[in-house]
Amino acid sequence: MSSVVVESDVQLSLDSIRESLIRQEDTIVFSLIERAKFPLNSLAFEESSCLDSGNSSSLTEFFVREIETIQAKVGRYDNPEENPFFLDNIPQSVFPTHKYPQALYPKASSVNINKRLWDVYFKELLPSFVKPGDDGNYASTAASDLACLQAISRRIHYGKFVAEVKFSDAPHDYEPAICSKDTEALMKLLTFEKVEEMVKKRVEKKAETFGQEVKCVSGDDESEKNYKVDPSLVSRIYGEWLIPLTKDVEVEYLLRRLD
Ligand SMILES: C=C(O[C@@H]1C=C(C(=O)O)C=C[C@H]1O)C(=O)O
């Protein structure tokens with residue numbers, strides 16, 4: 001066990017991290033609204049029908065693998081905020097890339113729960129807010145799913161930065177629970193219920209604001225508003241999946257924080 005201080009030329013603070021999470025809400029809420037244009041289209045992500053070089057994969061998985069490869073080549077995964085879904089061997093960037101400051105503890109920085117996110121997203125989260133059915137629009141659906149998955153993945157893996165700051169602010173509070181691998185105690189230490197309630201309220205409001213049908217005809221009944229995605233569902237998506245997954249990333253990171 002060693003208490004290595006992470007060399008960092010950026011001043012991370014819980015406030016600046018929470019600011020970023022608030023801005024990321026906009027991206028997530030918009031991506032859910034965009035995805036809701038299409039029905040579930042489950043054949044795109046369930047069937048293994050790929051005809052490409054004997055690979056067995058769904059259309060969506062094939063699409064995501066191909067896009068991740070090209071994005072890796074332009075340096076997407078050099079950014080510690082980005083985590084791939086499928087790349088075990090991330091291709092090198094073919095352009096000189098930005099040197100990101102090292103804000104995370106190196107032995108904990110590789111935490112990646114995207115496999116879990118993939119399963120939860122297609123089995124639970126997606127069916128909770130899109131219409132059932134199939135309109136055959138698989139390529140656009142896959143692109144929309146990737147936009148949601150990348151926005152959500154960035155948000156939940158931001159838990160690594162949250163955990164780093166919480167640990168650095170109070171290492172003595174966290175060290176005993178890390179040493180005894182007490183995940184329950186860690187979860188308690190890092191949880192701020194008031195902040196979570198605020199997040200859930202705010203995303204509901206954002207879904208109301210960004211997703212309302214806009215009408216220009218005067219005399220329209222203002223009280224009768226229609227939303228592209230039910231705002232209370234967006235709040236539920238945060239409460240049931242996004243916040244818990246973010247906290248799981250925080251715990252995973254902290255468990256490796258003294259390695
Ligand atoms: C991200 C944080 O950690 C936890 C997770 C939260 C979230 O996912 O929104 C909010 C509060 C905390 O319980 C934080 O403290 O801001």
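The figures here come from the full heavy-atom set of this structure, side chains too, leaving out hydrogens, waters and symmetry mates. All ligand and atom numbering here is 1-based and tracks the order in the structure.
Residues satisfying the ring pair (Phe, Tyr, Trp, His ring centres under 6.0 Å) criterion with F30, sequence neighbours excluded, are F210.
Contact check for H98 versus D78: no side-chain heavy atoms found under the 4.5 Å cut-off. A heavy-atom distance below 4.5 Å is found between the side chains of E175 and F167.
Ordered by chain and residue number, the residues placing a heavy atom less than 4.0 Å from ligand 1 are R18, L21, R155, V162, K166, L190, T191, F192, V195, E196, V199, I243, T246, K247, E250.
Outside the 6.0 Å centre-distance limit, the rings of F45 and W118 are not counted as a close aromatic pair.
The hydrophobic cluster around F38 extends to none of the other residues, as no ILVMFWY side-chain heavy atom falls under 4.5 Å of it.
Residues in residues 229-251 take part in no ring-ring contact (aromatic ring centres under 6.0 Å, His included) pair, two or more places apart or across chains.
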